[in-house]
A.B. asks: 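Have a look at the structure that comes next, please.
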Amino acid sequence: MSRGCASRHQPYNATSTIAMSIITRFAPSPTGYLHIGGARTALFNYLYAKHVGGAFLLRIEDTDRERSTQPAIDAIFAGLKWLSLAWDDEPVFQFARADKHRIAAEKLLAEGKAYRCYATPEELTAMREEAKAKKLTKMYNGLWRDRDPKDAPAGVKPVIRFKAPQDGETTIEDLVQGAVTVANSQLDDMVLLRSDGTPTYMLSVVVDDIDMKITHVIRGDDHLNNAFRQLQLIKALGAAQPLYAHIPLIHGPDGAKLSKRHGALGVEAYRDLGMLPEAMRNYLLRLGWGHGDDEIISDQQAIAWFDIGHVGRNPARFDTAKLSNLNGHYIRASSDARLVGLIAPLIEAKVGRTLDTEIKARLERGMAGLKTRAKTLIELADGAGFYAKTRPIALDDKAKAVIEGGGGALLVDISRNLDAVNDWTAPSLEAWAKSWSEAKGLKLGQVAQPIRAAVSGTTVSPPVFEVLAVLGKAETLVRLLDCTR
RNA sequence: GCUCCCAUCGUCUAGAGGCCUAGGACGCGGCCCUCUCAAGGCUGAAACAUGGGUUCGAAUCCCAUUGGGAGCGCCA
């Protein structure tokens, strides 16, 4: 292939042995549902791993005991499964690995690469204010960095801080952003172990990524600034550094950050909105990544084509209209049987009873005409409702107007003549309607609309003669007669 | 405020110095098809943020400006 593997920023030969053992990971914190940005991050990690024949791992970052919840963990699993983003191996739970993290911190302490800090919250606040006044980025001023531990105040439990390099600079060769350099003087000594002995996120991520042998860290670019500190830590721990790919965040339709308070729905919300998982995947893939003029991209193609080099560097806005369009495409492409299975529960909830096999068979026969008219499964279920309703069919206002506006008067005549039609197929019903309306001096629409109104209860439906064929002669005639009374 | 990142139609994007009179898709307008509504086909309007360089040549490379975004916790 002429594009793909050799990405623009990739600093190594992708065909080397390293490509044989690529491992990516998705590492959400279970403090809420799997939101749309997380889903895309997971998708990119999954696709890249599959593209190179590597592994895609899942790690639940549940070290924040206050905010992590089991329902959130379940939601993440459910969301990934719905999207068919299957992870390899068992998920890793970060909190369960706290001992490993602590040992790493103690190792650094023993090697003089970390130190105990006894600064009080008041001192920290003062440092922050001083840093702000001096127009500095960093906050911690190294108060305990070189102080003799003997000076430690009694009764204060210390945190362990990383002794970060103070001179020089740190550069990340980011696969998406390119080389990004920051002066070490901008980075302060981060906390590794809290005073209660629990590890912080920075330490846990680094240790886990090392132990899980992660080769490619693909995540939101809100982590780009963290990457510098993490890289320093990795070096201090003597581990091999991973390759980073910081992908831009997804914004809301108005360009503002997509947050939980600002329209960032969980993937299950899109499922409930009637979106198909393959539409979601296709949409998310195209948000921040492109492959020439291709828009409709199958899973197989996505795996074959996905490369980090073509991930865009600018944030993308979430566009519901395009998602809907894609969803409509995938609904049309779905099998009739699958769609019946997906909308049956929705229809059942609405009509208040279980659909029997006869109704389901009717839905399947009518599906070809229904599915070109829906952008979501909700719309599909709405449009299919009349096939499942029991008579007499309730008419909506527009349908009522058609019947009462003169259409109803034709129905007796129509039903009597239809009774004589023996070849009950859409083409022959249409042929009958054309000749009958011509004979009566009416336009086809003047005949078709009253029939549609009576039979579907609405003024919008699949082609009406197709509907009659799907309904069958008996059901059609009783529905027509219902409207003549 | 400080550090870092980003900038092509309204939106998602193609673009790797000459293939660009800037392509595709969604959305929007028109036409066709037509029993309604869709789908489909054809078609129209619509963008390289601004200013300087570099170069024979810049959407593309460099700098500045402007505008967005992210991060600056004993959160993750």
Side-chain angles (χ1 to χ4, degrees), chain A residues 8 27-31 61-64 66-68 94 117 119 121 124 128 131-140 157-161 172 174 176-178 180-183 186-188 190-196 198 200-202 204-205 220-226 228 246 248-249 251 253 255-257 283 286-296 309-310 312-326 328-329 332 369-375 383 398 402 430 433-434 437 443-449 451-453 456 458-465:
Chain A
R8 210 178 337 193
S29 55
T31 54
E61 305 211 323
D62 55 351
T63 51
D64 185 337
E66 296 296 310
R67 298 198 297 151
S68 296
Q94 192 162 60
C117 169
L124 258 17
R128 183 179 291 131
K132 205 170 181 180
K134 286 186 179 173
K135 302 186 174 186
L136 262 31
T137 307
K138 63 183 196 179
M139 176 209 119
Y140 184 71
K157 287 207 167 189
V159 300
I160 292 181
R161 283 186 187 271
I172 304 264
D174 196 272
V176 172
Q177 311 290 349
V180 185
T181 301
V182 77
Q186 297 296 327
L187 276 13
D188 66 4
M190 61 185 161
V191 172
L192 264 22
L193 244 38
R194 301 186 186 95
S195 51
D196 65 358
T198 58
T200 60
Y201 161 78
M202 286 289 185
S204 300
V205 169
D221 77 5
D222 49 336
H223 287 282
L224 183 57
N225 290 283
N226 291 333
F228 299 102
H246 287 96
L249 302 178
H251 290 175
K257 184 190 177 186
Y283 178 70
R286 286 287 291 103
L287 217 50
W289 180 84
H291 184 267
D293 287 342
D294 296 303
E295 296 289 345
I296 303 293
H310 281 83
R313 279 134 297 184
N314 47 320
R317 296 186 189 199
F318 194 84
D319 180 11
T320 315
K322 190 153 184 175
L323 206 210
S324 290
N325 173 272
L326 232 24
H329 168 86
R332 274 170 259 139
L370 293 167
K371 69 184 180 184
T372 58
R373 291 166 173 75
K375 290 201 187 309
K398 286 180 181 173
V402 168
E430 183 168 355
K434 275 179 177 160
S437 56
K443 287 183 176 175
L444 184 57
Q446 291 175 288
V447 175
Q449 274 308 76
I451 298 176
R452 167 175 286 115
S456 75
T458 70
T459 52
V460 175
S461 83
V464 72
F465 305 110

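Chain identifiers are assigned alphabetically (A, B, ...) following the order of the sequence lines, protein sequences preceding nucleic acid strands; residue numbering begins at 1 within each chain.
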A.B. asks: Rounded to whole angstrom, note down the P distance from B:A16 over to B:C42.
C.D. replies: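 One P to the other, the span is 27 Å.
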A.B. asks: For A:Pro462 and A:Trp289, take the nucleotide of RNA chain B holding the closest heavy atom to each; which residue's nucleotide lies nearer the 5' end?
C.D. replies: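 Upstream on the strand: A:Trp289.
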A.B. asks: Looking at the side chain of A:His251, which of B:A76, B:G24, B:G69 is the nearest nucleotide?
C.D. replies: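 Selected nucleotide: B:G69.
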A.B. asks: With a 3.5 Å distance limit and no angle check, can you tell me whether A:Ser456 reaches the backbone of A:Ala453 through a side-chain donor-acceptor pair?
C.D. replies: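 No: the side chain of A:Ser456 does not pair with the backbone of A:Ala453.
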A.B. asks: With distance as the sole test, does A:Asp174 use its side chain to make a donor-acceptor pair with the main-chain N or O of A:His246 at under 3.5 Å?
C.D. replies: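 At least one qualifying donor-acceptor pair exists.
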A.B. asks: I'd like to check the side chain to side chain donor-acceptor pair (under 3.5 Å) partners of A:Asp222; sequence neighbours left out, ordered by chain and number.
C.D. replies: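 Per chain and number, A:Asp222 pairs via side chain to side chain donor-acceptor pair (under 3.5 Å) with no residue.
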A.B. asks: When you compare B:U8 with B:G68, how far apart are their P atoms, in angstrom units rounded to a whole number?
C.D. replies: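 Those two atoms are separated by 14 Å.
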A.B. asks: Write down the distance separating the C1' atoms in B:G30 and B:G18, rounded off to the nearest Å.
C.D. replies: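 That atom pair is separated by 37 Å.
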A.B. asks: By nearest atom, which of the nucleotides B:A7, B:C26, B:U3 is closest to the A:Val182 side chain?
C.D. replies: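 The answer is B:U3, which lies nearest to the side chain.
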A.B. asks: Remember a base hit wins even if backbone is also touched, and classify A:Thr198 as base, sugar-phosphate or nothing at under 4.0 Å, heavy atoms.
C.D. replies: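 The answer is nothing, as A:Thr198 stays clear of every strand by at least 4.0 Å.
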A.B. asks: Within this structure, what is the OG-CD distance for the pair A:Ser29 and A:Gln94, rounded to the nearest 0.5 Å?
C.D. replies: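 So the OG of A:Ser29 and the CD of A:Gln94 are separated by 9.5 Å.
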A.B. asks: Once you apply the 3.5 Å cut-off to both distances, tell me the Watson-Crick or G-U wobble partner of B:C26, or none.
C.D. replies: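 B:C26 is paired with B:G10.
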A.B. asks: Base, sugar-phosphate or nothing for A:Val191? Non-hydrogen atoms, less than 4.0 Å.
C.D. replies: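 Sugar-phosphate, no base atom in range.
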A.B. asks: Under 4.0 Å between a side-chain N/O of A:Arg286 and OP1 or OP2 of B:C26, yes or no?
C.D. replies: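 No, A:Arg286 has no side-chain N/O under 4.0 Å of OP1/OP2 on B:C26.
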A.B. asks: For A:Ile296 and B:G24, what is the distance between atoms CD1 and C1' respectively, to the nearest whole Å?
C.D. replies: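 After rounding, the reported distance stands at 12 Å.
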A.B. asks: Assign A:Ala453 to base, sugar-phosphate, or nothing according to its heavy-atom contacts below 4.0 angstrom with the strands shown.
C.D. replies: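 Since no nucleic acid heavy atom lies under 4.0 Å of A:Ala453, the category is nothing.
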A.B. asks: Measuring from the side chain of A:Val464 (C-beta onward, heavy atoms only), which nucleotide among B:C35, B:C74, B:C6 has the closest atom?
C.D. replies: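 Shortest atom-to-atom distance from the side chain points to B:C35.
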A.B. asks: Which nucleotide in the set B:U36, B:A76, B:A16 lies at the smallest distance from any side-chain heavy atom of A:His310?
C.D. replies: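 For A:His310, the side-chain atoms sit closest to B:A16.
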A.B. asks: Go through B:A76, B:C74, B:C4 for me and flag the one nearest to the A:Asp64 side chain.
C.D. replies: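 So the side chain of A:Asp64 is nearest to B:A76.
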A.B. asks: Any side-chain N or O of A:Lys375 under 4.0 Å from OP1/OP2 of B:A39?
C.D. replies: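 A:Lys375 to B:A39 OP1/OP2: side-chain N or O found under 4.0 Å.
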A.B. asks: Just by modelled atom types, is the A:Asp319 backbone N or O under 3.5 Å from a matching donor or acceptor in the A:Tyr283 side chain?
C.D. replies: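 Yes; judged by distance alone, with no hydrogens or angles, the pair exists.
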A.B. asks: With rounding to the closest Å, how many angstrom separate the P atoms on B:C6 and B:A64?
C.D. replies: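 After rounding to an integer number of Å, I get 13 Å for this pair.
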A.B. asks: Start at the 5' end of RNA chain B and walk down; is the nucleotide closest to A:Glu61 or to A:Ala448 reached first?
C.D. replies: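 Its nucleotide being nearer the 5' end, the pick is A:Ala448.
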A.B. asks: Please state whether the phosphate of B:U8, meaning OP1 or OP2, lies under 4.0 angstrom from any side-chain nitrogen or oxygen of A:Asn314.
C.D. replies: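 For A:Asn314, the contact criterion (side-chain N or O under 4.0 Å from OP1 or OP2 of B:U8) is met.
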A.B. asks: For the side chain of A:Leu249, starting at C-beta, report the closest nucleotide among B:C26, B:A70, B:C2.
C.D. replies: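 Looking only at side-chain atoms, A:Leu249 lies closest to B:A70.
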A.B. asks: Roughly how many Å is it from NE2 in A:His223 to P in B:G69, rounded to a whole number?
C.D. replies: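 Roughly 19 Å, once rounded to whole Å.
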A.B. asks: Would you confirm whether A:Gln446, through its side chain, and A:Lys443, through its main-chain N or O, come within 3.5 Å as a donor-acceptor pair?
C.D. replies: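 Such a contact is found between A:Gln446 side chain and A:Lys443 backbone.
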A.B. asks: In whole angstrom, give me the gap between the C1' atoms of B:C48 and B:A7.
C.D. replies: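 To the nearest whole Å, 10 Å.
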A.B. asks: Taking only the side-chain heavy atoms of A:Asp293 (C-beta and beyond), determine which of B:C6, B:G23, B:U36 contains the nearest atom.
C.D. replies: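 Of the candidates, B:G23 comes closest.
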A.B. asks: Just checking A:Asn226: base, sugar-phosphate only, or nothing, at a heavy-atom cut-off of under 4.0 Å?
C.D. replies: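 Base: the residue A:Asn226, judged by heavy atoms under 4.0 Å, touches a nucleobase.
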A.B. asks: Are OP1 or OP2 of B:U13 and a side-chain N or O of A:His291 less than 4.0 angstrom apart?
C.D. replies: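 It does not, given that no N or O in the side chain of A:His291 lies less than 4.0 Å from OP1 or OP2 of B:U13.
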A.B. asks: Without swapping roles, check the side chain of A:Thr200 against the backbone of A:Val191 for a donor-acceptor pair under 3.5 Å.
C.D. replies: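 Checked: pair present.
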A.B. asks: Using the side chain to side chain contact (heavy atoms under 4.5 Å, CB included) rule, take A:Lys398 and A:Thr458 through it: C-alpha gap first, then chi angles, then the decisive distance, then the call.
C.D. replies: CA-CA 7 Å; A:Lys398 286 180 181 173; A:Thr458 70; over 6 Å; no
A.B. asks: What integer distance in Å separates A:Asn225:CG from B:G73:C1'?
C.D. replies: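 Distance, rounded to whole Å: 14 Å.
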A.B. asks: Grab the NE2-C1' distance between A:His246 and B:C5 for me, whole Å please.
C.D. replies: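 The distance from NE2 of A:His246 to C1' of B:C5 comes to 11 Å, rounded to the nearest Å.
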A.B. asks: At under 4.0 Å between heavy atoms, how does the protein contact nucleotides 61-66 of chain B? Give one character per nucleotide, 5' to 3', with B, S or -.
C.D. replies: ------
A.B. asks: What's the gap between B:A59 and B:U50 when it is taken at their C1' atoms, as a whole Å value?
C.D. replies: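 Comparing C1' positions in B:A59 and B:U50 gives a spacing of 14 Å.
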A.B. asks: Taking B:U11 as the reference, what is the distance to B:U65 when you measure between their P atoms (whole Å, please)?
C.D. replies: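 Going atom to atom, P in each nucleotide, I get 25 Å.
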A.B. asks: With hydrogens left out and only the distance checked, is there a donor-acceptor pair under 3.5 Å joining A:Arg313's side chain and the base of B:C6?
C.D. replies: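 No, the side chain and the base share no sub-3.5 Å donor-acceptor pair.
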A.B. asks: Please work out if A:Pro121 contacts a base, only the sugar-phosphate, or nothing of the nucleic acid, heavy-atom cut-off 4.0 Å.
C.D. replies: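 Result for A:Pro121 = nothing.
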A.B. asks: Counting side-chain heavy atoms from CB outward, which of B:C35, B:A25, B:U11 is closest to A:Arg317?
C.D. replies: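 Given the options B:C35, B:A25, B:U11, the side chain of A:Arg317 is closest to B:U11.
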A.B. asks: For B:A76, does OP1 or OP2 lie under 4.0 Å from any side-chain N or O of A:Thr63?
C.D. replies: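 It does, given that an N or O in the side chain of A:Thr63 lies less than 4.0 Å from OP1 or OP2 of B:A76.
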A.B. asks: What about A:Asp222, does its side chain sit under 3.5 Å from the base of B:G71 through a donor-acceptor pair?
C.D. replies: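 A donor-acceptor contact between them is absent.
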A.B. asks: Is it the case that the side chain of A:Arg332 and the backbone of A:Gly328 share a donor-acceptor pair, with hydrogens and angles ignored and the cut-off at 3.5 Å?
C.D. replies: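 Side chain of A:Arg332 to backbone of A:Gly328: a pair is present.
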A.B. asks: Calculate the interatomic distance between A:Met190 atom CE and B:G71 atom P; express it in whole Å.
C.D. replies: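 Value for this atom pair: 17 Å.
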A.B. asks: Of the options B:A38, B:C12, B:C74, whose atoms approach the side-chain atoms of A:Leu287 most closely?
C.D. replies: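 Looking only at side-chain atoms, A:Leu287 lies closest to B:C12.
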A.B. asks: Distance between the P atoms of B:U60 and B:G41, in whole angstroms?
C.D. replies: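 So the two P atoms sit 35 Å from each other.
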A.B. asks: With hydrogens left out and only the distance checked, is there a donor-acceptor pair under 3.5 Å joining A:Ser195's side chain and the base of B:C74?
C.D. replies: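 Donor-acceptor pair under 3.5 Å: yes.
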A.B. asks: May I have the distance from A:Asp188 (atom CG) to B:C4 (atom C1'), rounded to whole angstrom?
C.D. replies: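 Rounded to whole Å, this separation is 15 Å.
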A.B. asks: Of the listed nucleotides (B:A25, B:C2, B:C6), which one gets closest to any side-chain atom of A:Lys322?
C.D. replies: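 Closest nucleotide among those given: B:A25.
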A.B. asks: Is the side chain of A:Glu61 donor-acceptor paired with the backbone N or O of A:Tyr201 at a distance under 3.5 Å, no angle test?
C.D. replies: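 No: the side chain of A:Glu61 does not pair with the backbone of A:Tyr201.
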A.B. asks: To the nearest Å, give me how far apart CG (A:Leu326) and C1' (B:A39) are.
C.D. replies: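 So the CG-C1' distance, A:Leu326 to B:A39, works out to 16 Å.
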A.B. asks: At under 4.0 Å, does any side-chain N or O of A:Asn325 touch on OP1 or OP2 of B:G27?
C.D. replies: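 A:Asn325 to B:G27 OP1/OP2: side-chain N or O found under 4.0 Å.
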A.B. asks: Check the distance between B:G73's C1' and A:Asp196's CG and give it to me in whole angstrom.
C.D. replies: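 Checked: the CG to C1' distance equals 14 Å.
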